[in-house]
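Below you'll find the structure, written out as structure tokens, and then a few comments.
To find a chain, count down the sequence lines: A is the first, B the second, and so on, and within it residues start at 1.
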Amino acid sequence: MAQESADLASDYQFWLQKLSAWEQASSKETQKDTCLHLSGFQEFLRQMYEILKEMDSDAILERFPTIGQLLAKACWNPLILAYDESQKIVIWCLCCLVNKEPRTSAESGLNSWIRGLLSHVLSAFRFDMKEVCLFTKSLGYESIDYYPSLLKNMVLSLVSELRESHLNGLNTQSRMAPERMMSLSQVCVPLVTLPDMEPLVEALLTYHGHEPQEVLAPEFFEAVNEAFLLEKIVLPTSSVVSLWFRHLPSLEKATLHLFEKLFSSKIICLRRMECCIRESFLPQAACQPAIFRIVDEMFRFVLLETDGAPEVLAALQVFTSCLVEALKKEKKQLTFALRTYFPYGAPCLAAALSQHPEAIPQGHRLQPLLHISQLLREAVEDCTRGCPRNPFESWFLFVHFGGWVDLAVAELLLREEAEPPAGLLWLLVFYYSPQDGSQQREQSMVELKVLINRLLMLLRSGSLSATDLQEAAESPSGDPRPPVCGQLVRRLLLSLLLWTPEGHAIVWEAVTHMAHTDAVIHEIIGFLDQTLYRSQHLCVEASRKLARDLLKELQAQV
Amino acid sequence: MEPLVQQTERFSELLAVSCGSLVSTWDAEKVRRALQWARYLLHVYRRFAGRGRVREALERRLPARGGPLGLRSFAALESGDARLALRLLRNRALAPAAARALPSLLFPGPAADHRDDVPQSRLVLLARRGSALRLLCRLGGDAPRSALLRTHAELLDARLHELGGADSAAARKLLDTLWTRGPREHVLDVTAEALLLREEDPETAQITDPAGADETQKLLRWLLESPEVLAAFCRHLPARRLASVAGCHHALSRAYLDLLTTWATRLHYDLQMGAWVPTQMEDMPWEELCLRLQSLCHAQPFLREEVLVTLRSRKTLDGDFEVPGMSIWTDLLLALPGGA
């Protein structure tokens with residue numbers, strides 16, 4: 001309690017000093033400093049109000065003798081009054097200060113002073129020219145009548161000024177001076193959440209000046225971004241894209257904000273992810289290669305930091321598919337611009353990967369898969385150039401497009417021929433363990449082939465049981481597999497269970513066997529969710545229904 | 001219905017006296033009651049905003065009791081509480097007990113944040129908007145002035161609309177008052193702006209506001225029927241602006257042209273200087289006359305036609321001289337595009 005008191009006292013002093021400094025100089029620096037502290041000061045005001053509302057006027061003055069000064073300075077600072085809810089909280093604080101039973105003339109004087117201050121706050125704007133004031137009075141209008149209209153017209157005038165300045169490109173005389181633009185953007189910082197200001201905010205964001213460097217204040221971009229992320233303003237997509245394009249920190253913040261939403265829950269739900277991603281406007285913005293590169297970089301970083309966490313992978317895949325959709329809407333073909341989006345992979349690889357797996361008819365799926373496998377293999381295992389390339393780059397490119405792995409699994413399990421194609425095996429092993437050396441990978445491929453053959457044999461034997469399946473999945477030598485390959489094995493088993501009629505019969509039992517830890521259950525849930533979300537073209541309705549039921553059951557368990 | 005009307009009239013009276021010294025007799029209870037009535041009337045407004053008959057009935061009774069300081073229209077019911085609040089806050093004559101109670105009545109605190117029938121959130125919005133205006137105007141430039149002009153034009157338009165119908169006697173009175181009180185230049189600027197108000201977007205104006213022309217007509221009639229104002233209007237406004245306004249209103253363009261030709265006759269040719277000079281100091285000089293006629297010609301094709309026809313007929317009457325220096329009409333025509 002005492003500590004809180006001490007903290008408040010020092011905060012109080014801090015803010016009193018700040019307010020005094022701000023009122024003495026009204027330079028650009030002061031304005032900038034004020035804008036930086038607006039939200040902090042509002043927080044402080046809220047805290048003060050919580051305390052003041054429990055006290056009466058005398059007690060307040062005893063504890064905070066300079067409270068009048070503090071509140072008055074706040075009232076005379078239009079930047080503070082313009083911000084968010086600060087004007088409301090200041091008014092509430094002033095109301096607390098009113099002496100309900102004044103006994104001395106000083107106390108009455110205080111009440112009178114407070115009323116004056118309240119009156120000032122409510123009519124913060126007065127015309128400079130007395131004569132103009134007279135005209136308004138002659139018409140019989142008061143501030144309540146003309147403030148909304150005047151503000152609307154003010155915004156309109158400024159927007160026209162900006163538009164004209166924009167159009168008169170080379171005509172330096174009618175251009176808006178950079179200093180004016182800077183001041184304008186600074187002044188808008190506290191006002192971005194005021195609905196009347198929306199046309200001006202939009203016009204500023206989409207104004208493309210003719211100076212080489214940015215003319216708008218960075219704190220303006222920050223304020224708009226913050227308001228947008230907290231859903232306090234509504235802006236058209238083009239304005240938001242413009243904002244992020246011009247102010248890198250805002251883009252990063254927006255991406256982090258999205259990541260927080262996506263990765264906060266351990267349970268992966270792709271539909272929810274898609275919703276969040278779409279609403280964030282980032283896919284539309286990422287149609288600009290420069291923006292995509294930055295978001296991609298952040299995905300890459302998180303992927304590395306979390307060692308390829310499944311929710312990050314899933315989010316990346318959903319994001320990429322949203323991007324592809326957004327590009328289609330913009331009538332740009334992804335294939336033409338690929339180099340600019342994915343400079344780190346071979347162009348032919350990027351081209352191959354960006355085709356739509358769902359669009360490929362059954363029976364023609366093997367060819368593109370093998371092609372991709374070959375390209376990736378070349379990129380990863382190419383030793384002719386001397387030092388081996390970093391396989392991570394190729395893997396990172398590959399994992400953007402999740403549909404191919406689904407396709408590869410389907411091809412392996414539902415084939416009629418005896419031998420599983422080596423290319424598909426390579427692809428799957430690479431997807432799940434990119435960091436393996438070529439020897440380890442060869443070994444894994446062999447084990448995978450053995451497993452698949454066993455599974456297919458069991459399938460064709462006519463009597464498939466859950467225990468058979470489990471045995472087939474375990475290694476003959478009994479040594480525990482590294483977890484990643486465990487994921488692959490489970491995926492194969494689950495796919496088999498879902499996609500074959502024989503599998504349907506034993507699915508519940510088999511899944512119960514598999515689901516022995518929470519981590520595994522989450523993994524299975526993720527797989528089921530992904531199947532429902534993405535693999536419509538691979539599943540029949542019966543499989544989908546089964547997947548839905550399984551998913552509900554497992555979700556209830558965790 | 002009748003109780004409602006009475007309630008409205010009573011509140012209107014309260015509102016009217018809230019600026020004056022009568023409030024020195026008010027106590028906290030009276031203020032509370034007044035605000036309650038205001039709240040009730042706000043609900044009335046919301047309920048009947050779409051119902052023509054009640055609205056009309058109320059509007060017919062309104063201006064009578066309250067006068068210009070009371071409730072002026074049905075629409076004013078929507079902001080009655082805030083208006084009363086602002087007036088009382090500002091009124092130094094308000095009895096101390098009432099004045100003490102006022103702040104907490106108006107701003108009850110977070111509990112009232114989501115209520116839409118108490119003035120708190122609207123007053124707070126007003127404060128925020130006022131600060132916005134202060135900040136934006138501080139930037140300077142043309143924007144504040146043009147915004148102000150436009151707002152005043154809109155407000156004038158609204159007042160004229162309130163005076164209802166085609167009866168322009170009340171409109172005349174209002175406009176005469178404005179002209180007398182001044183500032184005159186501002187009145188002229190606002191009049192020009194108001195006359196251009198609907199011309200920017202003629203299509204939508206036609207659809208959404210077919211009766212809007214009424215207000216413009218009232219304004220125009222007053223202007224044309226007040227010679228002093230008209231003369232000042234035609235001299236004070238810049239040539240280009242006046243030409244735009246004239247381009248939109250034919251009657252005005254005729255009157256303007258008549259004035260210009262009258263002013264032209266005041267010039268005489270000075271042989272020594274070789275130019276047309278004014279007879280008296282306050283006459284319009286040659287250069288300005290030319291500029292104004294040129295602006296008219298550039299504004300609209302039909303205006304150009306009118307100007308040329310007028311000048312040509314005068315030239316003929318004068319004797320149809322071709323030599324410069326003999327007839328001002330000849331020289332003016334020479335100075336205009338397509339005049340020679």
Check the pair A:Glu101 / B:Arg100 against salt bridge (charged side-chain N to carboxylate O under 4.0 Å, His left out), numbers first and verdict last. CA-CA 9 Å; A:Glu101 283 162 25; B:Arg100 284 201 283 284; over 6 Å; no

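Neither the backbone nor the side chain of B:Leu175 comes within less than 4.5 Å of any heavy atom of chain A. For A:Leu151, the parts sitting under 4.5 Å from any heavy atom of chain B are the backbone and the side chain alike. If you measure heavy-atom distances from A:Ser112 to chain B, the contacts under 4.5 Å come from both the backbone and the side chain. For A:Ser86, no part lies near chain B; criterion is any non-hydrogen pair under 4.5 Å. When heavy atoms are compared at a cutoff of 4.5 Å, B:Thr177 does not approach chain A at all. Neither the backbone nor the side chain of A:Glu179 comes within contact range of chain B; no heavy atom of the residue lies under 4.5 Å from a heavy atom of that chain. Contacts between B:Pro144 and chain A at a heavy-atom distance below 4.5 Å involve backbone atoms as well as side-chain atoms. Contact annotation for A:Ser57: neither backbone nor side-chain heavy atoms come within less than 4.5 Å of a heavy atom of chain B. Proximity to chain A involves both the backbone and the side chain of B:Ala158, based on heavy atoms less than 4.5 angstrom apart. In this structure, chain B has a heavy atom under 4.5 Å from the backbone of A:Tyr83, while its side chain stays farther away. For A:Val121, the parts lying under 4.5 angstrom from a heavy atom of chain B are both the backbone and the side chain. Proximity to chain B is absent for every atom of A:Ile114, based on heavy atoms less than 4.5 angstrom apart.
Note: A:Phe135 and B:His152 have tilted aromatic rings, judged against thresholds of 30 and 60 degrees for the angle between ring planes.
Between A:Lys152 and B:Glu154, at least one side-chain nitrogen of the basic residue sits less than 4.0 Å from a carboxylate oxygen of the acidic one, meeting the salt-bridge criterion. Using a cutoff of 4.0 Å between basic side-chain nitrogens and carboxylate oxygens, A:Glu85 and B:Arg128 are not scored as salt-bridged.
The greatest number of non-hydrogen atom pairs below 4.5 Å with chain A, out of B:Arg129, B:Arg138, B:Arg87, is found for B:Arg129. Comparing B:Asp113, B:Asp142, B:Val187 by heavy-atom pairs within less than 4.5 Å of chain A, the highest count is held by B:Asp113. Interface remark: of the candidates A:Cys96, A:Pro102, A:Ser108, A:Pro102 forms the most heavy-atom pairs closer than 4.5 Å to chain B. With respect to chain B, the highest number of heavy-atom pairs below 4.5 Å among A:Leu150, A:Asp196, A:Leu191 belongs to A:Leu150. Residue with the most contacts toward chain B among A:Pro148, A:Gly116, A:Pro78: A:Pro78 (heavy-atom pairs, distance under 4.5 Å). Counting heavy-atom pairs closer than 4.5 Å to chain B, the top residue among A:Asn77, A:Leu94, A:Asp84, A:Leu156 is A:Asp84. Between chain B and the residues A:Asn111, A:Leu139, A:Leu184, A:Leu79, the largest count of heavy-atom pairs under 4.5 Å involves A:Leu139.
Within the 3.5 Å criterion, the main-chain N or O of A:Gly140 finds a donor-acceptor partner in the side chain of B:Arg159. No donor-acceptor pair closer than 3.5 Å links the side chain of B:Arg83 to the backbone N or O of A:Ile144. When atom types are taken as modelled, the side chain of B:Arg150 and the backbone of A:Ser157 share no donor-acceptor pair closer than 3.5 angstrom.
When the shell of 6.0 Å around NZ of A:Lys53 is examined, it contains more than 12 heavy atoms from other residues, nucleotides or ligands. Atom CH2 of A:Trp76 is surrounded by 12 or fewer heavy atoms from other residues, nucleotides or ligands within 6.0 Å. Within a 6.0 Å sphere centred on CZ of B:Arg240, other residues, nucleotides and ligands contribute 12 heavy atoms or fewer. Enclosure of atom CD in B:Glu29 by more than 12 non-hydrogen atoms of other residues, nucleotides or ligands within 6.0 angstrom is indicated.
Put simply, the side chain of A:Phe125 reaches to within 4.5 Å of the side chain of B:Cys137, judged on heavy atoms. When side chains are defined from C-beta on, B:Pro103 counts as touching A:Leu118, because their heavy atoms get closer than 4.5 Å. The side-chain heavy atoms of B:Leu125 and A:Gln87, taken from C-beta on, include no pair separated by under 4.5 Å. Side chains of A:Ile91 and B:Gln120 form no contact here, defined as non-hydrogen atoms less than 4.5 Å apart.
Distance check, rounded to the nearest 0.5 Å: CG of B:Leu135 to SG of A:Cys188 gives 9.0 Å. Atom-to-atom distance recorded for A:Gln186:CD and B:Leu139:CG is 10.0 Å, nearest 0.5 angstrom. Between A:Tyr146 atom OH and B:Leu155 atom CG the span is 9.5 Å, to the nearest 0.5 Å. Summarising the geometry, atom OG belonging to A:Ser119 is positioned 7.5 Å from atom CG belonging to B:Leu86; distances are rounded to the nearest 0.5 Å. For the atom pair OG1 of B:Thr151 and CG of A:Asp145, the computed distance is 12.0 Å after rounding to the nearest 0.5 Å. Separation of atoms CH2 (A:Trp92) and OG (B:Ser104) is listed at 13.5 Å; rounding is to 0.5 Å.
Minimum heavy-atom separation, B:Gly130 to A:Ala124: C-CB, 3.8 Å. Nearest heavy-atom pair, A:Met197 versus B:Leu136, reported as atom, atom and distance to 0.1 Å: SD-CD1, 4.2 Å.
Under 3.5 Å, the side chains of B:Arg90 and A:Ser123 contain a donor-acceptor pair of N or O atoms.
Applying the ring pair (Phe, Tyr, Trp, His ring centres under 6.0 Å) test to every pair with at least one member in residues 76-120 of chain B, sequence neighbours left out, gives no pairs at all.
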